[in-house]
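The next block holds one structure in the form of structure tokens; read it before the comments.
Along the sequence shown, residues are numbered consecutively beginning with 1. If you're wondering where the values come from, they're calculated on a predicted model, not measured in any experiment.
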Amino acid sequence: MSFFDLVSVSESIRTTPKRSQKVSLLADYLGLLPPVELFLAVHYLSGQIRQRAIGVGWAALRALPAPADTPTVSLESLDAELAAIGAIGGEGSNEERTAAIDALFKSLTATEQQFLQGLLLDNIR
């Protein structure tokens with residue numbers, strides 16, 4: 001399933017006033033996912049990443065690159081990218097991490113960028 005689908009469902013849930021409709025939207029979406037993606041989706045919709053901390057703070061996300069025109073990132077590929085960014089360490093790691101973050105955000109649409117920024121900065125409700 002694409003990250004864009006998750007972001008769209010999250011936005012629909014956020015803007016839906018009735019609790020029963022929110023539950024229905026969430027159940028319909030989660031019911032479509034295989035176990036690995038379900039695990040990731042629950043984390044992301046709960047405002048967490050699986051890795052907990054990857055060394056990315058507000059300063060790294062202050063200026064985002066131009067977004068992609070079309071969604072291409074899956075939940076599993078996003079998770080892999082976040083894990084790779086979290087594994088970056090050692091001398092020169094700040095520059096390497098910045099380049100990896102930039103490459104990841106360039107592959108996301110504007111709405112995906114906004115959601116991931118909120119996710120990494122602990123701002124998903």
Side-chain angles (χ1 to χ4, degrees):
M1 187 75 61
S2 75
F3 182 53
F4 185 79
D5 292 336
L6 179 133
V7 173
S8 297
V9 167
S10 177
E11 181 62 18
S12 294
I13 291 169
R14 188 184 70 75
T15 59
T16 300
K18 294 185 179 180
R19 183 179 179 145
S20 61
Q21 289 175 333
K22 291 176 188 280
V23 170
S24 180
L25 286 167
L26 189 57
D28 290 346
Y29 173 71
L30 294 176
L32 297 173
L33 301 175
V36 170
E37 289 181 342
L38 178 62
F39 177 77
L40 296 172
V42 168
H43 270 80
Y44 297 157
L45 291 169
S46 299
Q48 302 173 351
I49 59 171
R50 182 183 60 83
Q51 298 79 8
R52 300 201 187 248
I54 60 169
V56 176
W58 67 269
L61 303 174
R62 214 177 4 212
L64 300 178
D69 293 329
T70 58
T72 59
V73 176
S74 70
L75 295 177
E76 289 184 82
S77 65
L78 175 62
D79 180 64
E81 288 292 325
L82 295 174
I85 290 169
I88 296 171
E91 191 172 324
S93 62
N94 285 340
E95 293 81 15
E96 187 178 348
R97 187 177 296 111
T98 299
I101 292 165
D102 191 56
L104 172 59
F105 273 85
K106 281 181 182 176
S107 69
L108 301 174
T109 65
T111 55
E112 290 172 319
Q113 283 185 351
Q114 185 179 12
F115 186 90
L116 183 58
Q117 184 181 37
L119 188 60
L120 294 175
L121 296 177
D122 228 7
N123 195 22
I124 298 293
R125 301 192 194 298

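A distance of 5.0 Å separates CD1 of I85 from CD1 of I54, quoted to the nearest 0.5 Å. Interatomic distance, F4 CZ to L75 CG, rounded to the nearest 0.5 Å: 13.0 Å. Here the CE atom belonging to M1 is positioned 10.5 Å from the CG atom belonging to L38, to the nearest 0.5 angstrom. Separating the OH atom in Y44 from the CG atom in L119 is a distance of 7.0 Å, to the nearest 0.5 Å. Interatomic distance, CD of E96 versus CD of E91, reported as 12.0 Å (0.5 Å rounding). Remark: I101 CD1 to T98 OG1 distance equals 5.5 Å, nearest 0.5 Å.
Of the candidates T16, L26, I13, Q21 forms a side-chain contact (heavy atoms from CB on, under 4.5 Å) with just one, namely T16. The only option from E37, Q51, H43 that meets the side-chain contact (heavy atoms from CB on, under 4.5 Å) definition with D79 turns out to be Q51.
Across all their heavy atoms, P17 and K22 have their closest contact at O-CE, 4.2 Å. The two residues Y29 and A41 make their nearest non-hydrogen contact at CE2-CB, 4.0 Å. Between T109 and P67, the shortest heavy-atom distance links the atoms C-CB, 3.7 Å. Taking both residues in full, the closest heavy atoms of K106 and Q113 are given as N-NE2, 4.4 Å, listed atom of the first, atom of the second, then distance.
No side-chain heavy atom of V56 sits less than 4.5 Å from a side-chain heavy atom of L82.
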Taking it one step at a time, do E11 and F115 satisfy side chain to side chain contact (heavy atoms under 4.5 Å, CB included)?
CA-CA 9 Å; E11 181 62 18; F115 186 90; over 6 Å; no

Evaluate the criterion side chain to side chain contact (heavy atoms under 4.5 Å, CB included) for residue pair V36 and E76; output intermediate values, then yes/no.
CA-CA 8 Å; V36 170; E76 289 184 82; 3.7 Å; yes

Carefully, step by step, assess L33 and L40 under the rule side chain to side chain contact (heavy atoms under 4.5 Å, CB included).
CA-CA 10 Å; L33 301 175; L40 296 172; over 6 Å; no

Side chain to side chain contact (heavy atoms under 4.5 Å, CB included) evaluation trace for L104 with L116
CA-CA 10 Å; L104 172 59; L116 183 58; 3.8 Å; yes

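Q117 contributes a side-chain N or O that, together with a main-chain N or O of L61, makes up a donor-acceptor pair within less than 3.5 Å. Remark: side-chain polar atoms of S10 are not paired, donor with acceptor, to backbone N or O of L6 under 3.5 angstrom. Using a distance-only test at 3.5 Å, with no hydrogens or angles considered, no donor-acceptor pair links the side chain of E81 to the main chain of A100. A distance-only check finds no donor-acceptor pair linking the side chain of S24 to the backbone of S20 [under 3.5 Å].
Looking at residues two or more places apart in sequence or on another chain, you find a side-chain contact (heavy atoms from CB on, under 4.5 Å) between V73 and F3, S77, L78, S107, L108.
I49 and I88 are members of different hydrophobic clusters when ILVMFWY side chains are connected at heavy-atom separations under 4.5 Å. The hydrophobic clustering, which links ILVMFWY residues whose side-chain heavy atoms are closer than 4.5 Å, places V23 and V9 apart.
Within 6.0 Å of atom CG in D122, 12 or fewer heavy atoms from other residues, nucleotides or ligands are found, so the atom counts as exposed in its surroundings.
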